[in-house]
Amino acid sequence: ETGVTQSPTHLIKTRGQQVTLRCSSQSGHNTVSWYQQALGQGPQFIFQYYREEENGRGNFPPRFSGLQFPNYSSELNVNALELDDSALYLCASSLGGQYQETQYFGPGTRLLVL
Amino acid sequence: GESVGLHLPTLSVQEGDNSIINCAYSNSASDYFIWYKQESGKGPQFIIDIRSNMDKRQGQRVTVLLNKTVKHLSLQIAATQPGDSAVYFCADLYGQNFVFGPGTRLSVLP
């Protein structure tokens with residue numbers, strides 16, 4: 001167990017709706033990264049938050065947004081859901097800053113968009 | 001853009017044999033690599049990492065080899081066990097984040 005938790009574990013939404021996914025980072029970690037993993041593929045980087053600021057973003061549209069809180073937990077928000085947003089959403093925590101360290105993953109939230 | 005890929009999408013080995021999973025990376029400036037194991041329905045689990053100033057690193061039953069000349073990374077698992085069955089990803093640190101390959105599925109045969 002990594003100490004990284006995510007909620008909910010599963011979620012079903014319909015196209016056009018909005019969703020919020022949550023992540024609690026491992027104790028002592030100040031950085032949270034979010035990934036999208038489609039079935040049969042490797043995780044793809046969405047964005048990273050370091051000390052409550054966005055610290056890098058992948059090739060995802062603005063309808064994917066996030067927050068990090070003072071306790072370093074984080075949220076991923078997706079607006080105007082599309083069918084292709086169906087995937088496993090993973091968060092990973094690490095001790096960030098100038099020197100990137102190993103990222104430890106949570107179990108993920110499986111999102112199904114109908 | 002930069003990418004990390006794996007040579008073989010599937011690998012089947014007999015229980016007790018050694019497994020070798022390969023990975024090619026394209027970013028010559030990459031200086032940190034991680035191997036993850038992902039079991040069905042779970043998040044990726046850290047196995048072992050290596051920095052670019054090393055050629056080899058050993059863990060418990062696992063060894064990672066890095067060949068910077070040809071930009072190649074491999075994961076060796078000794079005495080493969082049924083519990084090793086999973087999808088294995090290599091990840092390359094590019095900028096602020098890790099770029100994952102598509103993964104190799106390892107199946108351990110009895």
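Worth saying up front: this structure is predicted, and the values here are computed from it rather than measured. Here is the naming used below: chain letters follow the sequence lines, and residue numbers restart at 1 for every chain.
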remark   = Taking a cut-off of under 4.5 angstrom between non-hydrogen atoms, the residues of residues 80-92 of chain A near chain B are Leu88(A), Leu90(A)
ask   = Near Asn59(A) CG, under 6.0 Å, is it more than 12 heavy atoms from other residues, nucleotides or ligands?
value = no
Residues of residues 104-114 of chain A near chain B, each having a heavy atom less than 4.5 Å away = Tyr104(A), Phe105(A), Gly106(A), Pro107(A)
task = Measure the spacing between CG of Asp49(B) and CD of Gln103(A) and express it to the nearest 0.5 Å.
result = 12.0 Å
task = Give the cluster check for Ile77(B) versus Val13(B): same hydrophobic cluster or not, with ILVMFWY residues linked at side-chain heavy-atom distances below 4.5 Å.
result = yes
task = Find out if a path of hydrophobic residues (ILVMFWY) with successive side-chain heavy-atom gaps under 4.5 Å connects Leu73(B) to Leu11(B).
result = yes
query = What part of Gln38(B) gets closer than 4.5 Å to chain A, counting heavy atoms only: side chain, backbone, both or neither?
reply = side chain
ask   = Would you find more than 12 non-hydrogen atoms of other residues, nucleotides or ligands less than 6.0 Å from Arg61(B) atom CZ?
value = yes
query = With hydrophobic residues grouped by side-chain heavy-atom distances under 4.5 Å, do Val64(B) and Val62(B) end up in a single group?
reply = yes
key: Phe46(B) side, atom CZ; Ser94(A) side, atom OG - distance, nearest 0.5 Å   = 12.5 Å
ask   = Among the clusters formed by ILVMFWY side chains lying less than 4.5 Å apart, do Met54(B) and Trp35(B) turn up in the same one?
value = yes
query = About how many Å separate OG1 of Thr102(A) and CD1 of Ile48(B), when rounded to the nearest 0.5 Å?
reply = 10.5 Å
task = Considering non-hydrogen atoms only, spot the tightest contact between Phe100(B) and Tyr35(A) and give its length.
result = CE1-CE2, 3.8 Å
ask   = Given the rule that I, L, V, M, F, W and Y join up when any side-chain heavy atoms are under 4.5 Å apart, are Leu93(B) and Ile46(A) in one cluster?
value = no
key: Heavy-atom closest pair, residues Gln37(A) and Phe89(B)   = NE2-CZ, 3.5 Å
